[in-house]
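Quick note on labels: first sequence line is chain A, next is B, and so on, each numbered from 1.
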Protein chains: 2
Amino acid sequence: MQTQVTLRDVARAAKVSVSTASRALAGGGLTSKSTEARLQRIATELGYRPNTLARGLKTRTTRLVGLVVHNLTNASFRVLAEVVQRRLRAEGYQALLCITADDPEQEAVTIETLTDQRVDGLIICPTGRNGALLAVLEANGTPVTCVVRRDETVELETVLAADPEGAFAGTRHLLELGHRRIGLIVGRQETTSGRERLSGYRRALEEAGIPFDASLVHAGRYEPETGLAGCRQLLDRDDRPSALFAANHESSLGVLRGLAERNIVVPDDISLLCYEDVPGFAWQRPAISVVDSGANAMAELAADRLLQRLRPGAAPPAATAREYRIGARLIQRQSCRPVAP
Amino acid sequence: MQTQVTLRDVARAAKVSVSTASRALAGGGLTSKSTEARLQRIATELGYRPNTLARGLKTRTTRLVGLVVHNLTNASFRVLAEVVQRRLRAEGYQALLCITADDPEQEAVTIETLTDQRVDGLIICPTGRNGALLAVLEANGTPVTCVVRRDETVELETVLAADPEGAFAGTRHLLELGHRRIGLIVGRQETTSGRERLSGYRRALEEAGIPFDASLVHAGRYEPETGLAGCRQLLDRDDRPSALFAANHESSLGVLRGLAERNIVVPDDISLLCYEDVPGFAWQRPAISVVDSGANAMAELAADRLLQRLRPGAAPPAATAREYRIGARLIQRQSCRPVAP
DNA sequence: CCTTGCTCCGCAAACGTTTGCGGAAGCAAG
DNA sequence: CTTGCTTCCGCAAACGTTTGCGGAGCAAGG
């Protein structure tokens, strides 16, 4: 347990006052060039490392930002975590990663903890039940940007996927291939993404003049079990759909299994399109066509926006917070094929 | 930007000194029961939250622990991150997640940053090139536990997978099914895990009295590309192996694709066994047999060990650090089948 | 020689806690 | 009434920085 070298030590070694040492190391030209250089040298010689706690206490800024997501297994969250942490680091910030399991309770204590740590900013995928806490943070001068999901109860900067367009594009793609009965496995309708993807699907149908058939959609959690259940339900119909549109990577696992169970082969017997791109989809045979929700771009933008507001010229929290949408992109691979109408 | 409520404020409101307020809220019975209760009440009424920076400055402890991994896409790291963060949180610690991309350079700055943040402890999957930095940390009283990989250059508490046994068990399983030519796709031989898995494979062969054939093993990074290359190489032989043992989840993606390319079906034409269990393997058809390296248990144990050393009764850094091994487990599913010898 | 202005640096006060030390009660015993 | 002990609390110092303010030194201008 040896003792850390403090600013006093380097000041003493250089025979200057602590304040001069501080200023010299800060380097804003508040000291002469010579002492600046000398102190830099002595500091590194002694292996001086500033105490971020003391500094934070004084300057009211830790270079910490909270990053809270539901889990790390979901691909979107995974890339969110990776990208955001990388971008933050490049700007000298550290990420405090927290996982809420989509549980408002845990989210609440997480937010409290992060405020206690005096984070400079927060990137969060909100459950939507703790808007008040977030609003307080923002009001106290800590920028908050929501991502992936919106918190409907409060006005905050938010970056989202273009789910309506993505689902629309995907569905239209299938329609253009001649499919008329398209099974949709989609997220819970309590979430924005669930609702928006369904609405995109409906709009595409509508534009093609095809009546909406509610029995063709199966809503549930983003889990393999949901995919399996949906797949079974849709396959047990007399007029089996000729194409399936799966909610995300995880539910697609269930769908693929459901198809395998019945020896239905993709794309010969049925077409399969998934939301959310993951490496596995590209490597798989047949490679799965997807509409990529743009997780990467979302993460980049979220980091950008927060970083922007973290910079000195802190734009005051605009009266009405901006909302950004990341375009979705259809990636055609081998899992969809045309059928005669 | 409203002002935070500080300990002074609650003290003033309660008409006691700051010290009494501090002691009352700490609750160690250093104040009378009545003032303790009164201050607790007033504190929550005012919404007082202690400033962790000030506290940390004084107590030289932050309740932060660094968690550094190579990435989040690899399943082991993903569960490591999830589990560790959950366990830490349960004990009142916060995880500082850092990603090094297996780059010693980045690892070095990461470690520096974490020491600057005065983390109380560190869980790290080391690259092996920064042992000195870690040793300094440990010597300065900050417990460090390594996980997944060992840093050979320095003595630190380490929790590892039982790779030799795992590879041995997997190989023996295939041998017991009658396989004689078993292709092995394995990690780079510069890493312990790569070497250990190969040695387990060799030992199983040896015990079965089968000569080791170096041309049956393909070493490379844990990536789909490696799996694909290895698969192709092994399949292009005249005496094609009747079973494949893949290094991990990611390389298995490549292997599966290589097999699909040649219309070789698992398990009818070839048996496939993978290292490292992920949900996808169980959902896939045929479900892939694996030897589970025990990522979950590893994470739990690593968290346990660190937490243990973080407790007040700080065991002094044992002269020679302990090394823990997590048992591997063979999970039989549908991708391996017996062959006539 | 005095004033003015500029450059560089030191003094000391903060930031919000925790904690050693000592003092003020209260009470019982002598 | 004094003594001694216990219980509770306040004073003030400390943790390691940053920063406003002012002072010393020096050069130039009047």
Side-chain angles (χ1 to χ4, degrees), chain A residues 1-40 42-43 46-64 115-120 140-141 312, chain B residues 1-40 42-43 46-64 115-120 140-141 312:
Chain A
M1 189 55 165
Q2 59 213 53
T3 157
Q4 273 296 327
V5 27
T6 158
L7 193 51
R8 263 188 55 192
D9 300 328
V10 345
R12 189 145 40 199
K15 301 203 184 312
V16 297
S17 77
V18 190
S19 6
T20 329
S22 173
R23 281 190 267 255
L25 296 184
L30 306 196
T31 70
S32 74
K33 272 294 168 212
S34 65
T35 55
E36 182 164 327
R38 190 161 59 96
L39 278 172
Q40 301 274 20
I42 297 193
L46 263 51
Y48 167 72
R49 307 250 53 188
N51 185 321
T52 53
L53 270 61
R55 174 178 297 177
L57 182 56
K58 188 64 176 136
T59 64
R60 323 188 73 74
T61 158
T62 60
R63 300 186 66 85
L64 253 36
T115 34
D116 286 0
Q117 298 284 352
R118 284 350 190 230
V119 291
D120 286 351
N140 282 14
Chain B
M1 189 56 165
Q2 61 211 53
T3 158
Q4 272 296 324
V5 27
T6 159
L7 193 51
R8 263 188 54 191
D9 299 327
V10 344
R12 188 145 41 198
K15 300 204 188 309
V16 297
S17 77
V18 190
S19 5
T20 334
S22 173
R23 282 190 267 254
L25 295 184
L30 305 197
T31 71
S32 74
K33 271 295 167 211
S34 65
T35 54
E36 182 164 328
R38 190 161 59 97
L39 278 170
Q40 301 273 21
I42 298 193
L46 262 53
Y48 167 71
R49 308 249 52 186
N51 185 320
T52 53
L53 270 61
R55 175 178 294 176
L57 183 56
K58 188 66 176 135
T59 65
R60 324 187 74 76
T61 158
T62 56
R63 300 197 79 78
L64 250 39
T115 28
D116 287 359
Q117 298 285 353
R118 296 320 197 251
V119 291
D120 286 351
N140 282 14

Nearest-nucleotide comparison on DNA chain C, the residue closer to the 5′ end among Arg23(B) and Leu57(B): Leu57(B)
Under 4.0 angstrom between Thr35(A) side-chain N/O and dC8(C) OP1 or OP2: no
Smallest separation among heavy atoms of Ala21(A) and Leu39(A), with atom names: CA-CD1, 3.7 Å
Close side-chain approach of Gln4(B) and Arg118(A), heavy atoms under 4.5 Å: yes
Whole-Å distance separating the CG atom of Leu30(A) from the C1' atom of dG20(D): 12 Å
OP1 or OP2 of dC9(C) under 4.0 Å from side-chain N/O of Ser17(A): no
Distance-only donor-acceptor test (3.5 Å): side chain Ser19(B), base dC11(D): yes
Atom-pair distance (CG on Leu53(B); P on dC15(C)), nearest Å: 14 Å
Closest nucleotide among dT18(D), dG16(C), dT17(C) to the Val18(A) side chain: dT18(D)
d(CG, Leu7(B); P, dT19(C)) in whole Å: 13 Å
Residue met sooner reading DNA chain D from 5', once Ala54(B) and Lys33(B) are mapped to nucleotides: Lys33(B)
Proximal nucleotide (of dG16(C), dA14(C), dC11(C)) relative to the Lys58(B) side chain: dG16(C)
Protein-nucleotide distance (Glu36(B), atom CD; dT7(D), atom C1'), rounded to Å: 14 Å
Check: Arg60(A) side chain, dG16(C) base, donor-acceptor under 3.5 Å: no
For atom CZ of Arg118(B) and atom C1' of dT17(C), their distance in whole Å: 17 Å
Side-chain donor/acceptor contact of Thr59(B) with base of dC15(D) under 3.5 Å: no
Between dG16(C) (C1') and Asn51(B) (CG): distance, integer Å: 6 Å
Asp9(B) CG - dT17(C) C1' separation (whole Å): 13 Å
Interatomic distance, Leu53(A) atom CG to Lys58(A) atom NZ [nearest 0.5 angstrom]: 15.5 Å
Side-chain heavy-atom pair Thr6(B), Asn51(B) within 4.5 angstrom cut-off: no
Shortest non-hydrogen separation from Leu64(B) to Gln117(A) and the atoms involved: CD1-NE2, 3.5 Å
Leu25(A) CG to dT19(D) C1', straight-line distance once rounded to whole Å: 15 Å
Sugar-phosphate only, base, or nothing, as touched by Ser22(A) at under 4.0 Å among non-hydrogen atoms: base
Distance test, side-chain N/O of Thr6(A) to OP1/OP2 of dC15(D), below 4.0 Å: no
